[in-house]
There are 2 protein chains.
Amino acid sequence: MTSTKRKKLKAKGWKFGDVQDFLELSDEEMAFIEMKLALGRSLKERRQRKGLSQAALARLISSSQSRVAKMETGDASVSIDLLIKSLLALGASRKELAKSIEQSKRPAAA
Amino acid sequence: MTSTKRKKLKAKGWKFGDVQDFLELSDEEMAFIEMKLALGRSLKERRQRKGLSQAALARLISSSQSRVAKMETGDASVSIDLLIKSLLALGASRKELAKSIEQSKRPAAA
DNA sequence: ACAGTATATGTCAGTTTTGACATATACACA
DNA sequence: TGTGTATATGTCAAAACTGACATATACTGT
């Protein structure tokens, strides 16, 4: 929950609210960022499972390859709205979206 | 899922993507809007359970009473990002958020 | 080495979202 | 009737997001 986990996230451009230092994120902010990352992972999985390139998905949702890449890598410039719309476009149900949002990361099969 | 349900939603300012006519929303678009409405309901519930006014919540999240009202009434101008940040600020967990997103409306206790 | 494909990252003008403000409605209780 | 509190709705400048483009990296095959 705290510093250990925080340091694992690479600052990509995240400057959240008033918080300057990336390592000083509150738990709320962490939760929000992790949700975005989780949705990005889901998007990538779904896209790949369908054998689509980022460019092909971009066409499908009237966006661009670069924005799809940013969604999947968790760039600070992408909204959750866009992630959700994209996942819905790939056929995800609300229930499946909920599952992505809920899970903290994945069982870590190491 | 289809026309019956669609007509129940009052057009508040929704003009989604290319779709002109509100009654012609695709299932994806419906799912997106219903998610927003569900999150708005959750926000209202949580706020009221804490005995906060919209103005008090607004202070808490550095926003304004009017924007909180728009969040709770499902105004087309509010993002899911803002709804989620607000719910997190009220102490909702990712699991609880997931639950809100998942449920279509509520068992309808009539 | 070169060409083709896939993904990542930086930039930017156009669009959308935001907080703030004004104002309206509704309900209480003096 | 007024005064106070709570919520809803319209507007707008400023901030955030978006698609598009350029470009970089990496991994094919040839």
Side-chain angles (χ1 to χ4, degrees), chain A residues 9-20 29 32-33 35-37 39-90, chain B residues 9-20 29 32-33 35-37 39-90:
Chain A
L9 282 170
K10 293 154 294 189
K12 280 205 126 181
W14 289 104
K15 48 169 168 153
F16 210 103
D18 291 356
V19 184
Q20 274 76 316
E29 291 164 338
F32 185 79
I33 292 176
M35 277 178 52
K36 263 173 131 169
L37 293 173
L39 289 169
R41 285 191 296 270
S42 274
L43 186 67
K44 185 170 190 171
E45 262 180 40
R46 269 192 175 268
R47 172 179 67 77
Q48 290 180 330
R49 209 178 311 137
K50 296 208 171 193
L52 296 172
S53 66
Q54 290 183 343
L57 171 55
R59 254 169 265 130
L60 203 65
I61 62 178
S62 304
S63 184
S64 59
Q65 178 269 324
S66 56
R67 191 131 300 272
V68 172
K70 286 178 220 283
M71 283 197 259
E72 291 183 355
T73 56
D75 190 280
S77 81
V78 321
S79 69
I80 288 194
D81 293 67
L82 185 61
L83 281 160
I84 288 180
K85 283 180 187 171
S86 303
L87 279 159
L88 290 172
L90 279 182
Chain B
L9 281 170
K10 294 153 294 189
K12 279 206 127 181
W14 290 105
K15 46 170 170 152
F16 212 105
D18 292 357
V19 184
Q20 273 77 314
E29 291 164 337
F32 186 79
I33 291 176
M35 278 179 50
K36 264 175 134 169
L37 293 173
L39 290 169
R41 284 192 298 269
S42 275
L43 186 67
K44 185 170 190 171
E45 262 180 40
R46 269 192 174 266
R47 172 179 66 78
Q48 290 181 330
R49 209 179 311 138
K50 296 210 172 193
L52 296 172
S53 66
Q54 291 183 343
L57 170 56
R59 253 169 267 130
L60 204 65
I61 63 178
S62 304
S63 184
S64 59
Q65 178 269 324
S66 57
R67 190 130 301 273
V68 172
K70 286 179 220 282
M71 283 196 259
E72 291 184 355
T73 56
D75 189 281
S77 81
V78 322
S79 69
I80 288 194
D81 291 67
L82 185 61
L83 281 160
I84 288 181
K85 283 180 186 170
S86 303
L87 280 160
L88 290 173
L90 280 182

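Each chain gets a letter, A, B and so on, in the order the sequences are listed, and its residues count up from 1. The shown structure was predicted, so the numbers you read here are calculated from the model rather than taken from an experiment.
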Here the residues of residues 55-63 of chain B within 4.0 Å heavy-atom distance, strictly under, of DNA chain C are B:S62, B:S63

Quiz item: Looking at side-chain heavy atoms only, is the closest gap between A:L39 and A:L43 below 4.5 Å?
Solution: no

- request: Could you check if a side-chain atom of B:I61 sits within less than 4.5 angstrom of a side-chain atom of B:M71, using non-hydrogen atoms only?
  value: yes

Residues at least two apart in sequence or cross-chain that pass salt bridge (charged side-chain N to carboxylate O under 4.0 Å, His left out) with B:R67, listed by chain then number, are none

- Query: Among side-chain atoms of A:S77 and A:D75, is any donor-acceptor pair under 3.5 angstrom?
  - Reply: yes

B:I84 CD1 to D:dA16 P, in whole Å, measures 19 Å

Here the distance between atom P of C:dT17 and atom NZ of B:K36, to the nearest Å, is 6 Å

Residue set satisfying side chain to side chain contact (heavy atoms under 4.5 Å, CB included) with B:A69, at least two apart, ordered chain then number -> B:Q54, B:Q65

Judged by nearest nucleotide, the residue sitting upstream toward the 5' end of DNA chain C, A:Q48 or B:L83, is A:Q48

Rounded to 10°, the angle between the first-five-pair and last-five-pair axes of the helix from C:dA1-D:dT30 to C:dA30-D:dT1 is 30°

To the nearest 0.5 Å, atom CG of B:D81 lies from atom CG of A:L82 at 9.5 Å

Q) Is there a donor-acceptor pair under 3.5 Å between the side chain of A:K36 and the backbone N or O of A:V78? A) yes

Taken in chain and number order and not counting sequence neighbours, the residues that satisfy side-chain hydrogen bond (donor to acceptor under 3.5 Å, both in side chains) with B:S79 are none

Whole-Å distance, A:K85 NZ to D:dC17 P, equals 14 Å

Applying side-chain hydrogen bond (donor to acceptor under 3.5 Å, both in side chains) to A:S63 and not counting sequence neighbours gives none

Is A:S79 near enough to D:dT18 that one of its side-chain N or O atoms lies under 4.0 angstrom from OP1 or OP2? yes

Side chain to side chain contact (heavy atoms under 4.5 Å, CB included) filter on B:L60, not counting sequence neighbours, yields B:L52, B:L57, B:L90

Rounded to whole Å, CE of A:M71 lies from P of D:dT18 at a distance of 8 Å

B:I80 CD1 to D:dA16 C1', in whole Å, measures 17 Å

Sorted by chain and residue number, the salt bridge (charged side-chain N to carboxylate O under 4.0 Å, His left out) partners of B:R46 (sequence neighbours excluded) come out as B:E96

Here the salt bridge (charged side-chain N to carboxylate O under 4.0 Å, His left out) pairs for residues 47-62 of chain A, sequence neighbours left out, are A:E45-A:R49, A:R47-A:E72

In whole angstroms, the gap separating C1' of D:dC17 from CG of A:D81 amounts to 10 Å

Are there any protein N/O atoms within less than 3.5 Å of an N/O atom in nucleotides 21-25 of chain C, and if so, which ones and at what distance?
residue	atom	partner	partner atom	Å
C:dC21	N4	B:S66	OG	2.5

What's touching nucleotides 4-6 of chain D from the protein side, N or O pairs under 3.5 Å?
none

